[in-house]
**Q** 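Okay, handing you the structure first.
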Amino acid sequence: MYAQVIVDVPARPTDRPFDYEVPLELEACVEVGSRVEVPFGPRVLQGFVVGVSAEAPAGIDRSKLRTVRRVLDMTPPLTPELVELARWMSGKYLCPEIAALQVMVPGALKAKYDKVVVLREDVWRRREEAAQPELLPTDPVRAELADWLRARGEATAEALLERFPGSASLLKSMLAEGVLEERQRVQDRMSVKTALTVFPCGTEAELREAASALPARFQKQKDVLDALLAEGLRPQRLTELLHAVGVTSSVVKSLEAKGLVELRDVEVQRDPYAKRDFARTQPLPLTEEQSHVYEAVCGTLADGRHEVFLLQGVTGSGKTEVYLQSIQRCLELGKEAIVLVPEISLTPQMVQRFKGRFGDDVAVLHSRLSHGERYDEWRRIVRKEVRVVIGARSAIFAPFTKLGLIIIDEEHESSYKQEESPKYHARDVAIRRAEAAGAAVVLGSATPSLESVFATTREGGRKFRLLEMHTRALGRPLPPVQLVDMREELKNGNRSMFSGALHKAIEERLHKKEQIVLLLNRRGYATFVMCRSCGYVAGCPHCDIALTYHQNSRTLRCHYCGYAEREKSQCPDCQSEHIRHFGTGTQRVEEELVKLFPGIRVIRMDVDTTSEKGSHEKWLTMFGEKKADVLLGTQMVAKGLDFPDVTLVGVIAADTVLNLPDFRAGERTFQLLTQVAGRAGRHTLPGEVIVQTYTPEHYSIAAAAGHDYAAFLETELEHRRANGYPPYARLINITLSHEEVPRLMRISDALAQRLKEQALAARQSGEDGFTFDVLGPVAAPIARIKDRYRFRCMVKYRGDAVASRIVRRSVAAFEEQMAKEKLQISVDVDPQLLM
DNA sequence: AGCACGCCGACT
DNA sequence: GTCGGCGTGCTC
C-alpha cells in the first residue's frame with residue numbers, strides 16, 4: 001500500500017503530496033485524513049495522508065520511496081471531506097495545503113520536533129570489552145554520562161549539557177565514536193490526559209458473592225466492592241473511588257490481584273462545563289414569522305439538499321430559538337450541526353441556551369479554552385459523542401461525517417475572517433463544505449453583510465434565499481433612537497462628552513434603578529504615549545506604528561515585533577515632562593461619569609479590562625446581577641447581550657469609525673449602531689437609545705436611527721457600485737515586504753506589471769466572464785514592520801477561479817527572489833480590514 | 001522551513 | 001593546515 005502525504009513544511013517547493021510506502025502492519029490504520037510521521041530528507045516530520053493507493057505511484061523511482069514510520073492517532077483526525085476542503089482552501093486563499101490542514105485540527109496536535117541523544121549500549125559494551133584500556137578515552141565524566149543516560153533512556157543535548165556542564169566536546173566525540181546516537185523525535189504539543197480507572201470484573205452476583213466470601217479482616221476490600229456495586233458496577237476513577245471509600249490504593253491493588261477488578265489507564269476529558277448544571281429547556285412556541293423560517297429550513301433539511309439561507313431578523317426577533325429548533329430537526333434526521341458565533345458573543349448566556357436544549361450532545365469550542373480543554377472537546381467530536389458543535393470561526397472544521405446544517409450567527413462579523421495565514425473566511429468555507437456535504441446553511445443577522453444580501457438578489461444570481469423576521473419575539477417595539485448633534489452642543493457651550501439629553505437620561509435611569517449601556521465607538525485602540533508639549537508619539541523603531549503602554553509592567557511594547565522599552569518620564573524630542581499615556585477613551589469616559597454622577601457604579605469593558613482569561617464573563621455576570629448601573633465599553637458591549645433592566649443605550653461618539661480609510665466604514669457603523677440599539681428594552685421595560693454624533697446627516701447614522709436597513713442598503717450599494725467595491729467586485733490584497741525601499745518599489749512595480757500581463761493573456765486565450773483590475777502598488781497602511789518596508793497591490797476582480805489563477809501565476813514568478821533576497825509576498829483574498 | 005553540502009577567511 | 005561563515009539546492 002502507498003500513501004500520498006502533505007508534509008509539515010509550509011513552503012512553496014514542498015507544497016505538494018509526497019509518495020510513501022506503507023508497511024504492512026500499518027496498512028489497517030492509514031487512511032485519507034490520517035496523521036503520520038514520515039522521513040523527509042535528513043529529518044523526520046509530521047504529515048497528513050491525502051491519498052492512498054494499492055498500486056505503486058507512477059513516475060517515481062521505486063528506490064526513492066521511503067516508508068511511513070508511524071501513525072499518530074488511533075482515529076484519523078480528519079475526514080476525507082475535510083482533506084478535500086483543505087485542498088480547496090489552498091487554491092482559493094493561496095496558502096500551502098499543510099497550513100489549511102493544520103488549522104483544521106486543534107493546536108495541541110501541532111507537531112513539536114526535537115532531537116535527543118541515546119546511548120548505544122551495544123557499541124558502549126563492545127568498546128569497554130575491547131580490553132585495551134590504554135586506548136580508551138580517559139575522560140572521567142564519560143562513564144558517569146553513560147550511566148546517567150542509560151537511566152534516563154534519552155535526553156536532549158541541552159538537558160545533557162546542563163547536567164554535565166562543559167562537556168560539549170565530550171558529547172561530540174562520543175557521537176563521533178557511535179557510542180551516542182542522535183535521534184529525532186516528533187511529539188504532539190499536548191498528549192491525551194489519562195487517569196487510572198477501576199473496572200469491576202464479573203457480574204453483580206459474582207462480585208456480591210466474592211464480597212461476602214471475604215474474611216472479616218478484608219473489610220476495606222469489601223467496602224470497595226460495595227461502593228462499586230452501589231454505583232451499578234460502573235467503572236470508577238481510582239482517585240475518586242479511594243476518596244469516596246476512604247482507603248488507599250493498596251486495597252484496590254489487592255482486589256486486582258484477586259482478579260475482582262482491573263485497573264486501566266483511561267483517557268479523561270477536561271470538561272470545562274463539568275461543574276455546571278444546565279437546566280434542560282423545552283422548545284418555545286414559535287411566532288408566525290419564526291415558523292415560516294423554520295419550515296423553510298426544515299424543508300431543505302428533509303430533502304438533504306444544499307441551500308444557503310440568509311435569515312435577516314431584527315434584534316430580538318428570536319433567531320436563536322429558530323436555530324435551536326432547526327438543529328433539533330437536523331438531529332432527528334440523523335445528521336449533525338455546526339453553529340458558528342463570533343468569539344465575542346460566545347458568552348455563557350449563549351452556551352447556556354445550547355447546553356440547556358441539547359445537554360451533553362454539544363461540544364463548545366472557543367479560544368478561552370486552554371490547549372488541553374480545547375483538544376478534549378474536539379476529541380468528543382472525533383469519538384462521535386456529540387452531534388452539535390458551537391464555536392468560533394475554526395469550529396467550521398469540526399470533523400463531522402454526516403453534516404446536515406451549518407448556522408452562522410451574526411454573519412456580517414469581520415471576525416469570521418482569519419487575519420493570519422490561511423486567511424480564510426469561515427462563511428465561504430462553510431458554504432463550500434455544505435455544498436460538498438449536501439447540507440443547509442443559515443446565515444443569520446439583523447444587519448447582514450452587503451455581500452450576503454447581494455447574493456439573494458437577482459443581480460447577485462440568487463445564490464442565497466432570503467428569509468425575514470421583522471418583529472421582536474416578545475412583541476416589544478424597537479426602541480426609539482434620538483440623534484444628538486454634538487456640534488450644536490458645542491455651540492451652546494457644552495464642552496463635556498455628554499450631551500444634555502444623554503446626561504438627563506442617565507440621571508433618570510440612576511433614579512429609577514434601571515441599567516445603562518454606554519458604547520464608545522472606537523475599535524479597541526490601545527493606550528499610547530504622547531507628549532503634550534510637542535505632540536511626539538512614542539513609536540516602534542522597527543515598525544511604523546505607535547507603541548502600546550502596558551500598565552502592569554510599565555513598559556511600552558510593539559504589538560507587531562515585540563520590541564519593548566521602559567516608560568518614559570521625559571519627551572525624547574523636546575525634553576518636556578508633559579509626556580503621558582493616553583487612555584483607551586473608555587477610561588476618560590469613566591472618569592467623567594464618576595465626576596458627574598457621584599456614586600455611580602461603572603463596569604468598564606475594553607482591551608485593558610478583559611485581557612485576562614474569564615474576565616469578560618465575570619464583568620457581564622456582575623452587570624447581570626445589577627452590581628453596576630453602567631456597562632461602558634467598546635464594540636464588545638454591542639453584541640448579543642440580553643439584560644432585562646437595560647432601558648438606556650448611549651453612544652458617546654457614533655462617527656469615529658466613519659473616518660477610517662476603509663470602504664466598509666459606513667457598513668460597520670450602521671451595523672454597530674443597530675446592534676447596540678437592540679440591547680435596550682428587550683423585555684417588559686421600554687427602552688431608549690441616544691446617539692451622539694458630529695454627522696447626524698450621514699446615511700449610516702440616519703438609517704440606523706430609523707431602524708431602516710433598506711434605506712442603508714440602497715445608499716451603500718450605490719456607493720459600492722459607483723466605486724467598484726464588493727459586492728460588485730471582489731478584492732485581493734497582495735502585500736510585498738523587503739528591507740530596502742528602492743528594491744521593493746521595483747519589485748512591486750514588476751509584480752503589478754506581471755498581474756496585468758497575466759490578465760491580458762487570460763483574456764486573449766479566450767477566457768471571459770471575469771474582470772481584473774490592478775491598483776497600486778502603494779505603500780501599505782503600516783509602511784514598515786520589523787524593519788521591513790511594505791508595499792501593496794490591490795486587485796479588484798470578478799470571477800474567482802480566473803483571478804486566483806492569475807495571482808498565483810504572477811506571484812510564482814517571484815519565487816526565486818523570495819528565496820534569494822528575502823522578499824516576502826503575502827496574499828489576502830477577500831480582505832476584511834483594509835488597514 | 002531545515003539541513004547538508006560546498007567553497008572562502010581567521011585561528012590553533 | 002582546520003574551524004566555521006552562510007550561499008544554494010533538495011526533500012517521496
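No hydrogens, no waters, no symmetry mates; every other heavy atom, side chains included, goes into these values.
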**Q** Taking side-chain hydrogen bond (donor to acceptor under 3.5 Å, both in side chains) as the criterion, tell me which of A:Asp828, A:Asp428, A:Asp830 meets it with A:Lys417.
**A**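 One option only clears the test, and that one is A:Asp828.
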
**Q** What is the distance from CZ of A:Arg183 to C1' of B:dC3, rounded to the nearest Å?
**A**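 Interatomic distance, CZ of A:Arg183 to C1' of B:dC3: 20 Å.
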
**Q** What is the distance from CZ of A:Phe40 to C1' of C:dT11, rounded to the nearest Å?
**A**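 It is 4 Å, rounded to the nearest whole Å.
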
**Q** Identify whether any heavy atom of A:Arg43 sits under 4.0 Å from a base atom; if not, whether one sits that close to sugar-phosphate; answer base, sugar-phosphate or nothing.
**A**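 Here A:Arg43 touches the bases of the nucleic acid.
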
**Q** Could you list by number each residue of residues 4-37 of chain A showing a heavy-atom separation from DNA chain C of less than 4.0 Å, or answer none if no residue does?
**A**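 A:Pro13, A:Thr14, A:Arg16, A:Phe18, A:Asp19, A:Tyr20, in order of number.
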
**Q** According to ring-ring contact (aromatic ring centres under 6.0 Å, His included), who are the partners of A:Phe772, at least two apart in sequence or on a separate chain?
**A**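 Testing A:Phe772 for ring-ring contact (aromatic ring centres under 6.0 Å, His included), a comparison that skips the adjacent residues, returns none.
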
**Q** Hey, does A:Ile60 reach any base, or is it just sugar-phosphate, or nothing, if we go heavy atoms under 4.0 Å?
**A**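 It contacts base atoms.
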
**Q** So, does A:Gln758 use its side chain to make a donor-acceptor pair with the main chain of A:Arg809 at under 3.5 Å?
**A**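 Not a single qualifying donor-acceptor pair exists.
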
**Q** Could you tell me whether A:Glu767 and A:Arg805 make a salt bridge, using a distance below 4.0 angstrom between a side-chain N and a carboxylate O?
**A**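 Salt bridge flag = yes for A:Arg805 with A:Glu767.
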
**Q** Once you round it to whole Å, what is the distance between P of C:dT11 and CZ of A:Arg66?
**A**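 So the CZ-P distance, A:Arg66 to C:dT11, works out to 10 Å.
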
**Q** How close or far is atom C1' of B:dA1 from atom CD of A:Gln824, stated in whole angstroms?
**A**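 In whole Å, B:dA1 C1' and A:Gln824 CD are 13 Å from each other.
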
**Q** Would you call A:Arg379 and A:Asp376 a salt bridge, taking side-chain N to carboxylate O under 4.0 Å as the test?
**A**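 Looking at A:Asp376 together with A:Arg379, the answer is no, because their closest N to O distance does not fall below 4.0 Å.
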
**Q** Please report whether the ring centroid of A:Phe770 lies less than 6.0 Å from that of A:Tyr797.
**A**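 Not close enough - the centres of the two rings lie 6.0 Å or further apart.
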
